[in-house]
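Just so we're on the same page: letters track the sequence lines, and every chain starts at 1.
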2 protein chains.
Amino acid sequence: MSELEHYIKSYFGIANQNDLKTIVSLFKSTTIKKGDYFLKSGKICEKLSFIQSGLLRIYIKTEDKEVTQWISTKGYFVTDLSSLVFNTPARFTIQALIDCELYTIDRENYLLLKSLIPQWPELEKLFIARCFVMLEERIFSHLSMTAEERYDLLFEQNKELFNQVPLQYIASMLGMSPETFSRIRKKKSI
Amino acid sequence: MSELEHYIKSYFGIANQNDLKTIVSLFKSTTIKKGDYFLKSGKICEKLSFIQSGLLRIYIKTEDKEVTQWISTKGYFVTDLSSLVFNTPARFTIQALIDCELYTIDRENYLLLKSLIPQWPELEKLFIARCFVMLEERIFSHLSMTAEERYDLLFEQNKELFNQVPLQYIASMLGMSPETFSRIRKKKSI
DNA sequence: AGCTCCACTTGACAAAAGTCAAGAAATTAA
DNA sequence: TTAATTTCTTGACTTTTGTCAAGTGGAGCT
């Protein structure tokens, strides 16, 4: 369980060892098989998970295509924040791309944190603020970069992803067609 | 001051009238003239403002161009969240497009809120989460829509903006060139 | 009025990215 | 292993979007 501890420490910046133990104890080890759904759009998201191992794809189905919003990887958290926090139907579907080991906290225990750890809301705020900033940066990339530049940026940040998941999903997540992705990829290999 | 009250109530979902008074009392009425800077990138952002009237453009200067990240309008808040919350140099420059009336809280009083209003961190969390969800939607629009579809979406959501600010800024904020924006615009008028 | 400064528009062209269809390669299942 | 399925690549072509450059039009100033 120490990996979760380590990440919660670095994500939430918790110094107090007791609080850390309390938080970690509320996460239960769970698994999810390749192809299974962590969440289906329209349902209420009742959990937040830390990814010990595996990959999950977060996407939205529109009439004519699937749009991959993000692929969550080892060492990160996964949930539909909007659904979890506001208790509204999820907009995203989340599916395991390979078998995953997760540490999962359900809504009940998640709400418990507020009373068990006095500074939890503050920590949570900082966590969400950090996520917000990441999205700001992602928007900036769409306002100012070409498809190829976005490819380069992601590749630099997360090379491993490029040989772990179907490339079409990465293409979608970068806002380009699989063909464009493939052509950029070819260009790099020459 | 009742407009600020109203918006804080709806943004933060505050029921308690005393808390509301306390919060509102920490915001001071300020103004900023057309062309003046609310924030310059590189500086630490020391304030959060509610826009009573006016328009502010949030942008980033790159080597070869200015990228407008967003234009904040009446009834919304403006700040560099990352800089305010994490005390880091601002990535954004924020400039008044016209004279603005603001209600502004400085960092000192902003931090005071935590101690004055017990549930403040929780409210703040919800506020930031709502902002996060808006950005998620914006990213989705870049992953799944053409320039024209993004134009239509924004126009639907905020028609007024289109005759209040230089169109080139809206173009940039939508991730397209001024020329493309102009051509889409022409198409609509025919 | 005439001048200046912007912002916007327009046309011609170039580059980027999407679409469609066929086929190759890789992965999964039998 | 072979067969079936999925994913990826490639070429030909279209559409979308960007770039450059010239020109229009308006707001404000002298």
Where along residues 137-169 of chain A does a heavy atom fall under 4.0 Å from DNA chain D? P166(A), L167(A), Q168(A)
Could you state the atom-to-atom distance from CD1 of I184(A) to C1' of dA17(C) in whole Å? 9 Å
Is it true that a side-chain atom of S172(B) and a backbone atom of T68(B) form a donor plus acceptor pair closer than 3.5 Å? yes
Quick note, side chain to side chain donor-acceptor pair (under 3.5 Å) partners involving residues 74-86 of chain B, not counting sequence neighbours, are E3(B)-K74(B)
Hey, what are the protein-to-nucleotides 12-15 of chain D N/O distances that come in under 3.5 Å?
{"residue": "dA12(D)", "atom": "N6", "partner": "R183(A)", "partner atom": "NH2", "Å": "3.2"}

Besides L153(B), the hydrophobic cluster formed by Ile, Leu, Val, Met, Phe, Trp and Tyr side chains linked at under 4.5 Å, directly or via other members, contains M145(B)
Is the backbone of C45(A) close enough, under 3.5 Å, to the side chain of R107(A) for a donor and an acceptor to pair up by distance? yes
For the pair made of NZ in K187(A) and P in dT10(D), what is the distance, rounded to whole Å? 14 Å
Between protein and nucleotides 26-30 of chain D, what N or O pairs are separated by less than 3.5 Å?
none

Filter on salt bridge (charged side-chain N to carboxylate O under 4.0 Å, His left out), then keep only pairs touching residues 125-140 of chain B, sequence neighbours left out; what's left? R91(A)-E136(B), R91(A)-E137(B), E124(A)-K125(B), E122(B)-K125(B)
Is any side-chain heavy atom of V24(A) closer than 4.5 Å to one of I8(A)? yes
Which Ile, Leu, Val, Met, Phe, Trp or Tyr residues join I44(B) in one cluster when any pair of side-chain heavy atoms under 4.5 Å counts as a link? none
Using distance alone, with no hydrogens and no angle criterion, decide if E101(A) and T31(A) have a side-chain donor and acceptor under 3.5 Å apart. no
Does the side chain to side chain contact (heavy atoms under 4.5 Å, CB included) test come out yes or no for L126(B) and F86(A), once each step is laid out? CA-CA 8 Å; L126(B) 294 174; F86(A) 300 112; 3.9 Å; yes
Could you please spell out the steps behind the side chain to side chain contact (heavy atoms under 4.5 Å, CB included) verdict for E108(A) and E46(A)? CA-CA 8 Å; E108(A) 196 180 339; E46(A) 302 282 357; over 6 Å; no
Separation of atom CZ in R185(B) from atom P in dG25(D), rounded to whole Å: 15 Å
Please work out if G175(B) contacts a base, only the sugar-phosphate, or nothing of the nucleic acid, heavy-atom cut-off 4.0 Å. sugar-phosphate
What is the distance, rounded to the nearest whole Å, between atom CE of M176(A) and atom C1' of dT16(D)? 16 Å
K186(B) side-chain N/O to dT9(C) phosphate OP1/OP2 under 4.0 Å: no
In short, the helix from dA1(C)-dT30(D) to dA30(C)-dT1(D) is bent end to end, axes from five pairs each side, to 10°, by 40°
Interatomic distance, F181(B) CZ vs dC8(C) C1' [rounded to whole Å]: 11 Å
Does any N or O donor sit under 3.5 Å from an N or O acceptor when you compare the side chain of E179(A) with the base of dC20(C)? yes
Could you give the CD1-to-P distance, from I98(B) to dA7(C), as a whole number of Å? 15 Å
Any residue meeting side-chain hydrogen bond (donor to acceptor under 3.5 Å, both in side chains) with T22(B), in chain and number order, not counting sequence neighbours: none
Are side-chain N/O atoms of R150(A) and S141(A) paired as donor and acceptor at under 3.5 Å? no
Short question: side chain of Q95(A), backbone of G35(A) - any donor-acceptor pair under 3.5 Å? yes
For T62(B), the side chain to side chain contact (heavy atoms under 4.5 Å, CB included) test, sequence neighbours excluded, returns F140(A), I60(B), D64(B), K65(B), V67(B)
Pull out every protein N or O sitting under 3.5 Å from an N or O of nucleotides 26-30 of chain C, one pair per line with the distance.
{"residue": "dT28(C)", "atom": "OP1", "partner": "K34(A)", "partner atom": "NZ", "Å": "2.9"}

Which heavy-atom pair separates F162(A) from L167(A) by the least distance, and what is that distance? O-CD2, 3.3 Å
Pair listing, ring-ring contact (aromatic ring centres under 6.0 Å, His included) test, anchored in residues 46-70 of chain B, at least two apart: Y7(B)-F50(B), F50(B)-F77(B)
Please determine whether a side-chain nitrogen or oxygen atom of T180(A) lies at a distance below 4.0 Å from atom OP1 or OP2 of dA17(C). no
